[in-house]
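Keep in mind that what you see is a predicted model, and the values were worked out from it rather than measured. Lettering follows sequence order; numbering is per chain, from 1.
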Number of protein chains: 2
Amino acid sequence: MYKEEQLKLSSQVCFPIYSVSRLLTKAYKPYLDTMGITYPQYLVLLVLWENDAVTVNEITKKLYLNTNTVSPLLKRMEKAHLIERNRSISDERSVVIQLTSQGKELKKVASQVPDKLLQVLLTTNVNLPDIMNLKDTLEEWIEVLREQKIKEIK
Amino acid sequence: MYKEEQLKLSSQVCFPIYSVSRLLTKAYKPYLDTMGITYPQYLVLLVLWENDAVTVNEITKKLYLNTNTVSPLLKRMEKAHLIERNRSISDERSVVIQLTSQGKELKKVASQVPDKLLQVLLTTNVNLPDIMNLKDTLEEWIEVLREQKIKEIK
DNA sequence: TACATTTGTGTCGTGCGCGATACAAATAAT
DNA sequence: ATTATTTGTATCGCGCACGACACAAATGTA
């Protein structure tokens with residue numbers, strides 16, 4: 001019975017993605033710790049370093065996160081003096097997020113992060129096979145999706 | 001300056017994994033809701049359906065989760081009458097997790113989940129390009145890792 | 001046997017992540 | 001001009017995730 005096979009942990013597509021996602025966030029941690037930020041906060045900073053003065057709404061859209069996740073997160077970042085939160089003049093509903101000098105300063109430290117992460121992934125913390133397996137699983141899955149898509153169109 | 005490029009959200013490898021992971025958990029939600037469970041709880045059930053009478057430690061290893069995540073989770077599942085928690089006789093430190101009849105019963109409902117998830121992914125909730133992009137990003141990344149690995153060996 | 005170390009499980013605190021809900025500002029409709 | 005709807009942000013509650021830490025049972029050592 002093929003249903004039995006589908007319910008095995010090893011044949012789950014989402015599980016490796018879920019696992020690797022957490023694994024990667026953990027790999028970032030030591031470097032983000034020195035900057036005093038978390039991974040989601042790092043993502044917000046990436047957005048702001050690319051384009052300062054962004055509304056909360058724009059951040060939620062870029063990061064695919066809900067307001068009720070981002071709002072408290074931004075408040076913590078404001079408390080840490082990384083950003084400023086100001087109501088927009090043109091639209092009183094919007095809150096404009098801007099980097100403080102401290103937030104801008106962090107970019108220099110952060111510029112080392114991608115390379116360092118690569119190094120740590122090459123050594124001990126994350127093993128390559130896990131990532132490879134994720135890739136294989138995704139490939140199989142996309143194949144299934146493609147076939148199904150074709151059937152649907154017919 | 002290539003560091004500038006590396007710090008763009010679009011060139012981040014972990015971000016699509018992180019996003020797609022949340023996206024997939026959300027896709028599961030309506031089906032798991034009808035079963036009254038969450039995604040991590042579903043993962044625990046997958047383990048138990050494959051092999052009943054498993055210690056907490058074995059679950060943490062299979063799911064790559066910490067005890068301090070799994071312990072409260074199992075307590076909630078016990079409260080929901082899905083599992084039983086009993087101290088092992090052979091080793092008083094170990095806690096053996098077993099399915100209740102209700103927990104076993106859920107397997108029948110769950111057997112529909114993988115197919116239904118595939119259906120929902122084909123329709124509206126998740127768009128294929130997101131997944132495809134994740135695959136592409138992973139491929140590039142693995143390429144970089146491979147090259148670096150070779151350099152290291154030399 | 002006495003003591004040190006390891007192992008398995010658990011609590012606590014903090015930060016997400018999100019559904020449900022609230023609320024005021026902006027916009028649309030009548 | 002009033003009223004209804006939409007939009008942008010935020011609070012609340014719950015369930016993870018995990019680092020730090022606690023503690024008892026099991027194991028190793030002198």
Side-chain angles (χ1 to χ4, degrees), chain A residues 14-15 18-30 32-33 35-44 54-80 82-83 85-97 125, chain B residues 14-15 18-30 32-44 54-80 82 85-97 125:
Chain A
C14 308
F15 175 58
Y18 161 79
S19 300
V20 170
S21 174
R22 283 172 24 242
L23 207 67
L24 289 174
T25 305
K26 213 183 279 186
Y28 268 106
K29 194 167 186 306
L32 301 184
D33 274 352
M35 300 165 67
I37 54 172
T38 64
Y39 183 67
Q41 289 175 15
Y42 175 65
L43 294 179
V44 170
V54 174
T55 67
V56 173
N57 194 26
E58 285 166 336
I59 293 175
T60 62
K61 274 178 184 144
K62 278 179 194 291
L63 302 184
Y64 307 108
L65 285 167
N66 294 341
T67 326
N68 49 6
T69 297
V70 173
S71 276
L73 196 151
L74 291 173
K75 280 199 166 181
R76 282 188 289 271
M77 291 180 76
E78 188 189 34
K79 213 173 185 177
L82 295 173
I83 58 160
R85 292 162 63 249
N86 296 299
R87 287 274 159 189
S88 166
I89 309 153
S90 59
D91 189 337
E92 281 284 327
R93 292 170 304 177
S94 294
V95 172
V96 179
I97 307 298
N125 293 27
Chain B
C14 308
F15 175 59
Y18 161 80
S19 300
V20 169
S21 173
R22 286 173 19 244
L23 206 66
L24 289 174
T25 306
K26 212 183 280 186
Y28 268 105
K29 194 167 187 302
L32 301 183
D33 273 353
T34 65
M35 299 165 68
I37 56 172
T38 64
Y39 183 66
Q41 289 175 15
Y42 174 65
L43 293 179
V44 169
V54 174
T55 67
V56 174
N57 195 26
E58 286 166 335
I59 292 175
T60 62
K61 274 176 185 145
K62 277 179 195 290
L63 302 185
Y64 307 107
L65 285 166
N66 295 341
T67 326
N68 49 8
T69 298
V70 173
S71 277
L73 196 150
L74 290 173
K75 280 198 167 181
R76 283 188 287 271
M77 291 180 76
E78 189 189 33
K79 212 173 186 177
L82 296 172
R85 292 162 62 250
N86 297 300
R87 288 274 160 191
S88 166
I89 308 153
S90 58
D91 189 337
E92 281 284 329
R93 294 170 303 177
S94 292
V95 172
V96 178
I97 307 297
N125 293 27

**Residues touching DNA chain D, which here means a heavy atom under 4.0 Å, drawn from residues 66-76 of chain A** = T67(A), N68(A), S71(A), K75(A)
**Prompt:** Quick one: on DNA chain D, does V96(A) or Y18(A) contact a more 5' nucleotide (nearest heavy atom)?
**Reply:** V96(A)
Under the rule for side-chain contact (heavy atoms from CB on, under 4.5 Å), what residues qualify as partners of [X], not counting sequence neighbours?
{"X": "S19(B)", "result": "Y64(A), F15(B), R22(B)"}
{"X": "T38(A)", "result": "P40(A), Q41(A)"}
{"X": "E58(A)", "result": "V54(A), T55(A)"}
{"X": "T34(B)", "result": "none"}

**Request:** Check salt bridge (Lys or Arg N to Asp or Glu O under 4.0 Å) between K29(B) and all other residues, then give those that pass, not counting sequence neighbours.
**Result:**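 Applying salt bridge (Lys or Arg N to Asp or Glu O under 4.0 Å) to K29(B) gives D33(B).
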Could you pull out all residues at least two apart from [X] that satisfy side chain to side chain donor-acceptor pair (under 3.5 Å)?
{"X": "Y28(A)", "result": "Q12(B)"}
{"X": "S88(B)", "result": "S90(B)"}
{"X": "D91(B)", "result": "R93(B)"}

**Request:** On DNA chain C, reading 5' to 3', which nucleotide is the first and which the last to sit with an atom under 4.0 Å from a heavy atom of chain B, could you check?
**Result:** dT7(C) to dG19(C)
**Fill in**
Span of DNA chain D engaged by chain A, first through last nucleotide within the 4.0 Å heavy-atom cut-off, is dT7(D) to dG19(D)
**Message:** For a 4.5 angstrom cut-off between non-hydrogen side-chain atoms, does N57(A) reach T60(A)?
**Reply:**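 Yes, their side chains come closer than 4.5 Å.
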**Request:** On DNA chain C, check which nucleotide each of D91(B) and D91(A) is closest to and give me the residue with the more 5' one.
**Result:** D91(B)
With a cut-off of 3.5 Å and sequence neighbours excluded, list every side-chain donor-acceptor pair involving residues 71-78 of chain A.
unit_1: S71(A); atom_1: OG; unit_2: T67(A); atom_2: O; d: 3.3
unit_1: E78(A); atom_1: OE1; unit_2: R85(A); atom_2: NH1; d: 3.1

**Request:** Tell me what T55(B) touches on the nucleic acid: a base, only sugar-phosphate, or nothing, going by heavy atoms under 4.0 Å.
**Result:** sugar-phosphate
